[in-house]
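See below for the structure under consideration.
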Amino acid sequence: MTTITGIRIRMARMTTIDDLHLVQWLSPAFPIGSFAYSQGLETAIVDGEVRDAASLADWVGNVLVHGSGRADAILLAAARRPDADLTRLSDLALAYATSAERATEMQEQGRAFLAQIRPITGRDLPDMPLAVAVGAATAGLSVPTEGVLALWLHGLAAQLVQAGVRFIPLGQSAGQAILSGLATDIVALAQEAAGLGPEDIGATTIGADLAAMRHETLNVRIFRS
Amino acid sequence: MLHCPDLSLPVAERSHGRASVAIDRRAGRNRLTDLAQRGSGKAFLPRVAGDVPQVVFLNTSGGLTDGDRIAYDLQVGPGASVQSTTQTAERAYAGRGAPARAEVNITVGAGATVDWLPQETILFEDAWLDRETRVTLAPDAACLMAEAVVLGRRAMGEAPRAARLTDRRMVLREGRPLWAEAIRITPDWLHRASSPALLGQARAFAVIALIAPGAETAVSRLRAVPVLAGATVAVSGWDGRCILRLAASDGWPMKIQMARMVRTLGRCVPRVWQVTGDET
């Protein structure tokens with residue numbers, strides 16, 4: 001064992017600890033209630049627009065790449081920067097909310113996320129919408145922004161795919177196949193969004209936005225958005 | 001195709017324009033207090049019934065292409081009310097070298113109200129338009145915005161595949177973003193557009209945003225408005241916002257539907273919209 005190897009091991013271990021924090025905070029088991037939200041997917045399933053594995057994969061992929069996934073990834077990346085104006089970014093996140101339920105979703109999840117993060121990190125972060133909160137919390141971790149975004153987007157994809165699997169319903173293996181198939185889009189978007197700023201936000205999921213708004217008037221609702 | 005640029009020209013002359021209008025409340029009336037016009041940017045105030053003036057902006061170049069620039073400014077003084085629109089649909093034509101840029105800046109003073117109801121933007125094949133609309137509200141000011149985008153002219157069998165549009169709009173109150181939307185259409189988006197999460201079978205889409213204290217109370221009235229065949233409408237309201245989105249098979253049912261919504265909100269529909277005849 002040379003000294004150089006020793007240093008390598010130590011560096012690797014430090015990185016691994018931050019990596020583990022990141023995985024923990026962005027895990028579906030982190031108690032922020034993601035499973036309760038479908039971002040309008042429930043409406044699309046009720047309407048029959050999403051009804052099988054292919055249409056679910058298509059819906060989730062488009063929401064990620066052209067909708068809330070991209071917009072939130074950009075806000076998250078901006079919130080990780082050392083000079084981030086978190087109040088401004090929180091205002092922006094709420095301004096870009098496409099419906100009342102979406103606004104509630106990002107605020108309640110942000111609150112729940114930070115309620116866990118504060119005692120873990122000892123940082124006194126004010127309440128923020130989820131994407132901004134995740135950016136601010138992970139700014140203290142030495143992990144690359146692309147990695148944070150990829151995990152975040154993967155979590156969003158898993159949340160929506162799970163909602164579809166439960167509500168269409170589909171088999172678990174169909175859900176896992178969809179999630180695996182989204183990996184290329186997720187990594188490409190994470191790499192792109194890591195270098196973008198709020199002025200690059202663009203979200204053009206007209207159908208998903210309509211569905212998220214019409215969710216408010218569904219007669220029976222399982223999800224909260 | 002009267003206004004279509006001749007792309008065979010080696011160097012086309014770029015159009016630049018800016019029109020600026022100020023309306024102020026003076027002696028109990030809304031009055032034009034400033035008007036400046038430059039290049040292809042024009043503004044005029046047609047005679048209207050009632051006291052709310054109508055400001056009609058116009059881009060005399062007839063459309064936006066390669067590197068064109070157009071800007072409209074509207075300043076609404078404290079307590080004033082004004083409705084503003086554009087003379088015709090905004091045509092975004094092919095732009096290959098550089099995006100055309102359009103800019104709309106509206107400032108609204110304390111207790112003032114503005115309706116910004118421009119006509120639809122039509123995206124032609126290879127269009128490349130970058131537009132930014134910014135409305136800055138004083139604490140108790142209100143605004144109603146309506147914006148519509150149509151992909152090509154369906155009657156002509158047009159369906160753009162390589163057009164690009166970034167269309168950002170933001171309403172700020174005392175400098176803080178309150179409502180924002182950023183449309184971003186790329187060739188990849190157009191390729192996927194028939195996905196139900198994007199546009200499905202629709203070719204046109206619009207948003208109507210009422211940003212005012214208590215705006216959410218308008219939601220139930222808008223939800224009760226009959227919806228035309230070929231259109232899908234949804235409404236949501238929260239925290240001083242009432243947002244309506246619609247998707248439609250083409251620009252025409254969409255415009256009639258938008259006019260119904262604008263009337264339901266207690267506004268006049270600008271005459272230049274030419275939707276008289278549907279008084280539902």
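Every heavy atom of this structure was used, including side-chain atoms; hydrogens, water molecules and symmetry mates were not. Bear in mind that the values here come from a model prediction, so they are computed numbers and not experimental data. To find a chain, count down the sequence lines: A is the first, B the second, and so on, and within it residues start at 1.
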When only heavy atoms count and the cut-off is under 4.5 Å, which of [range] reach chain A?
| range | result |
| --- | --- |
| residues 194-205 of chain B | B:S195, B:P196, B:A197, B:L198, B:L199, B:F205 |
| residues 170-192 of chain B | B:M170, B:L172, B:G175, B:R176, B:P177, B:L178, B:W179, B:A180, B:E181, B:A182, B:I183, B:R184, B:I185, B:T186, B:D188, B:W189, B:R192 |
| residues 233-242 of chain B | B:V233, B:A234, B:V235, B:S236, B:G237, B:W238, B:R241 |

With respect to chain B, which residue among A:T98, A:I201, A:T87, A:D200 yields the maximal number of heavy-atom pairs within a distance under 4.5 Å?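 Highest number of heavy-atom pairs under 4.5 Å: A:T98.
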Side chain, backbone, both or neither: which part of [X] has an atom under 4.5 Å from a heavy atom of chain B?
| X | result |
| --- | --- |
| A:T217 | side chain |
| A:A71 | neither |
| A:V60 | neither |
| A:E216 | side chain |

So which part of B:R245 gets closer than 4.5 Å to some heavy atom of chain A, the side chain, the backbone, both or neither? both
Taking CG in A:N219 as the centre, count heavy atoms belonging to other residues, nucleotides or ligands within less than 6.0 Å. Is the count above 12?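 For A:N219, atom CG is not crowded (no more than 12 foreign heavy atoms under 6.0 Å).
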Within a 6.0 Å radius of atom CZ on A:R118, are there more than 12 heavy atoms belonging to other residues, nucleotides or ligands? yes
How many angstroms lie between atom OG1 of B:T232 and atom CE of A:M213, to the nearest 0.5 angstrom?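 Reported value, rounded in 0.5 Å steps: 12.5 Å.
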Let me check something: any side-chain donor-acceptor pairs from residues 166-181 of chain A under 3.5 Å, sequence neighbours excluded? List them with distances.
from: A:R166; atom 1: NH2; to: A:F35; atom 2: O; distance (Å): 2.8
from: A:Q172; atom 1: OE1; to: A:Q162; atom 2: NE2; distance (Å): 3.2
from: A:S180; atom 1: OG; to: A:Q176; atom 2: O; distance (Å): 3.0

